[in-house]
Structures are given as structure tokens and as C-alpha cells.
Amino acid sequence: MPNKLPGRESICRRLAEKLDEAWLAQMFPEYEPAAILSVLRGTRGKSSKTLAASDAPGAPAGWCQLFTDGASRGNPGPAGAGALLLAADGAELQRISTYLGLCTNNAAEYKALIAGLKEALRQGCGRLSLCMDSELIVRQLEGRYKVRHEQLLPLYQEAKTLLARFDAWQVRHVPRTQNQTADALANAGIDQYQAGQPNI
């Protein structure tokens, strides 16, 4: 006589332990593997304050939205950070445009994110949807890519520390065409500095 089948929750937990994320990405290309695993484990919405990017194609109702971008001319070279913060109703709360000195493009991306996160906290945003066109930074924040560069690690850690202060957050990779304001603000930071200091 066959053994009694385990319950649905037990089966789902076992599957979550064994399933490969690459296979899940092929089976459910529209969702993050981590989101599928959280459903199988029964932890979706319980243990994590982070929402997978694919769970919400836009900022959820009641969430602030932050667009950030970094620019570096030379990589490393003169760099700038740009950020656009929107309130939950879509109203503009703040624009950030600043010169960063000499750094790589990835470092500029993180510094723009950090500046935007600090402003979002200052403005009292409790739930935040991040939009960035750097796939590398997005995947690192999601935990899908490891941070291997020693110069990026402290910036990553600072960003994660700031994110932990929000009630909830999500990060989405967006095409450059949807991040033009932050890109323009990042480049404006470089332009404004160079206009006043032509011999950097």
C-alpha cells in the first residue's frame, strides 16, 4: 500500500529546497526566481520587506518612487549623481544633481542611489519603489549578483542599511528611456562643476 502523501505545504517546502533558480527563470520568465521560491516556502509577504521587481510593474499605490542614475566620463573619470523623488500621488518632491569627483560609473550609480535614499528618508517616505537603468546594481540589491569589487562593497552596504529603514521597498530595472530625468541630472552635476572648474 503506498505511503500517504505529504501535505501541500510540505511538498512546496521540499520543492523550494531543491529547485534551481535558473530553471525557475526559464519556467516563469515574468517573475523573479526569489519571488517564486517565497511562494513555495509560504513566506511571501511575511519575512521580507522587499518586493520582487516583477511583483509590481509600477509603483504600488501609496508608495513613493525614486529614479536614480550615475554618470562617469572616463570610467573612472569626472562623475555625477542624479535622482528624482516622487510622492505617492506622483507629485515631485525633490531633484538631486551633484558632482562626485573622480569615480567609476558603478560607484556613481551607488552614490546616486544613496543620495536619493537619504532624501526619501528625510521626506518621510515609508514605502519606496526604486527605478534604475543599471542592471548590475539592481541585481546586486536583489541579492542575485554578488558584490565582488572592493570599492563597491561599502557603497552597497550603506545602501542596504538605508533600505532597511523603510517599511517596505522594491527595486526595478528600467530602460534608459524611462530614466532620462535622473540621467540628465547626473550629467548636469558634471557640467555645472566643469563650467566653474575647467581644469579638473
Side-chain angles (χ1 to χ4, degrees), residues 50 53-54 56-59 63-125 127-142 144-163 165-166 169-200:
T50 309
S54 53
W63 289 44
C64 295
Q65 200 164 14
L66 177 65
F67 293 82
T68 69
D69 200 12
S72 177
R73 298 174 186 171
N75 200 30
L84 173 66
L85 179 63
L86 303 178
D89 62 1
E92 184 176 313
L93 290 175
Q94 187 63 271
R95 292 184 178 215
I96 297 171
S97 179
T98 186
Y99 178 68
L100 299 173
L102 301 179
C103 66
T104 66
N105 190 69
N106 287 335
E109 293 277 4
Y110 266 115
K111 290 181 179 182
L113 171 63
I114 289 168
L117 292 175
K118 289 179 177 178
E119 181 61 26
L121 288 168
R122 192 182 74 79
Q123 294 279 355
C125 297
R127 296 170 179 253
L128 189 66
S129 178
L130 308 174
C131 301
M132 307 177 70
D133 59 40
S134 170
E135 184 176 1
L136 173 68
I137 308 302
V138 169
R139 298 299 180 238
Q140 287 177 342
L141 292 174
E142 291 175 330
R144 296 178 63 183
Y145 293 172
K146 291 185 178 180
V147 183
R148 302 185 184 279
H149 200 289
E150 60 182 15
Q151 291 183 345
L152 293 184
L153 187 57
L155 296 173
Y156 165 81
Q157 292 171 336
E158 183 177 0
K160 293 292 280 188
T161 298
L162 290 168
L163 286 168
R165 295 172 58 185
F166 292 91
W169 62 275
Q170 68 172 24
V171 60
R172 295 189 295 126
H173 177 251
V174 297
R176 294 185 65 84
T177 55
Q178 294 181 22
N179 205 31
Q180 291 179 342
T181 300
D183 175 69
L185 290 167
N187 280 285
I190 303 173
D191 294 338
Q192 290 167 9
Y193 182 84
Q194 291 182 328
Q197 302 286 339
N199 297 319
I200 63 170

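Sequence positions, counted from 1, serve as the residue numbers for this chain.
- Contact detail for S97 and G189: the closest heavy-atom pair is OG-N, 3.2 Å.
- Shown here are the salt bridge (Lys or Arg N to Asp or Glu O under 4.0 Å) partners of R95, two or more places apart in sequence or in another chain: E92.
- L84 contributes atom CG, which lies 10.5 Å from atom OG1 of T68 (distance to the nearest 0.5 angstrom).
- If you take CD on Q65 and CZ on R127, they are separated by 15.0 Å, rounding to the nearest 0.5 Å.
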Kindly indicate, with the supporting measurements, whether the criterion side chain to side chain contact (heavy atoms under 4.5 Å, CB included) is fulfilled by H173 and Q178. CA-CA 10 Å; H173 177 251; Q178 294 181 22; over 6 Å; no
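- A salt bridge does not link R172 with D133: every distance from a Lys NZ or Arg NE/NH1/NH2 to an Asp or Glu carboxylate oxygen is 4.0 Å or more.
- Note that NZ of K160 and CH2 of W169 are 4.0 Å apart. Values are rounded to the nearest 0.5 Å.
- Between A120 and L128 the shortest heavy-atom distance is CB-CD2, 4.0 Å.
- In this structure, the side chains of Y99 and P78 come closer than 4.5 Å at one or more pairs of heavy atoms.
- The side-chain heavy atoms of T161 and L163, taken from C-beta on, include no pair separated by under 4.5 Å.
- Across all non-hydrogen atoms, the minimal contact from G80 to A108 is O-CB, 4.0 Å.
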Applying side chain to side chain contact (heavy atoms under 4.5 Å, CB included), run through L117 and E158 and close with a yes or a no. CA-CA 10 Å; L117 292 175; E158 183 177 0; over 6 Å; no
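- Side-chain contact between I96 and L185 is absent, with no heavy-atom pair separated by less than 4.5 Å.
- Closest of all the heavy-atom pairs between N179 and C131 is OD1-O, 4.1 Å.
- Using modelled atom types, no side-chain atom of N75 and backbone atom of T104 make a donor-acceptor pair closer than 3.5 Å.
- Side-chain contact check for E119 versus R122: some heavy-atom pair is nearer than 4.5 Å.
- Using a 3.5 Å distance cut-off with no hydrogens or angles, the side chains of Q170 and S129 do pair a donor with an acceptor.
- With contacts defined as side-chain heavy-atom distances shorter than 4.5 Å, the pair F166/L121 qualifies.
- N106 approaches L136 most closely through the heavy-atom pair ND2-CD2, 3.4 Å.
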With side chain to side chain contact (heavy atoms under 4.5 Å, CB included) as the test, would you mind laying out the steps for C125 and L85 before giving the verdict? CA-CA 10 Å; C125 297; L85 179 63; 4.2 Å; yes
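- A donor-acceptor contact under 3.5 angstrom links the side chains of Y110 and Q140, judged on distance only.
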Residue pair L162, I114: steps toward the side chain to side chain contact (heavy atoms under 4.5 Å, CB included) verdict: CA-CA 8 Å; L162 290 168; I114 289 168; 3.8 Å; yes
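- Nearest heavy atom pair, residue A81 against residue K111, reads CB-C, 4.5 Å.
- Between F67 and L86 there is a side-chain heavy-atom pair separated by less than 4.5 Å.
- Here the side chains of L141 and M132 are in contact, with some heavy-atom distance below 4.5 Å.
- Counting heavy atoms from C-beta on, the side chains of V138 and V174 never come closer than 4.5 Å.
- Here Q151 contributes atom CD and H149 contributes atom NE2; the two are 5.0 Å apart, rounded to the nearest 0.5 Å.
- Rounded to the nearest 0.5 Å, atoms CG (L100) and OG (S72) are 9.0 Å apart.
- If you take SG on C64 and CG on L130, they are separated by 11.0 Å, rounding to the nearest 0.5 Å.
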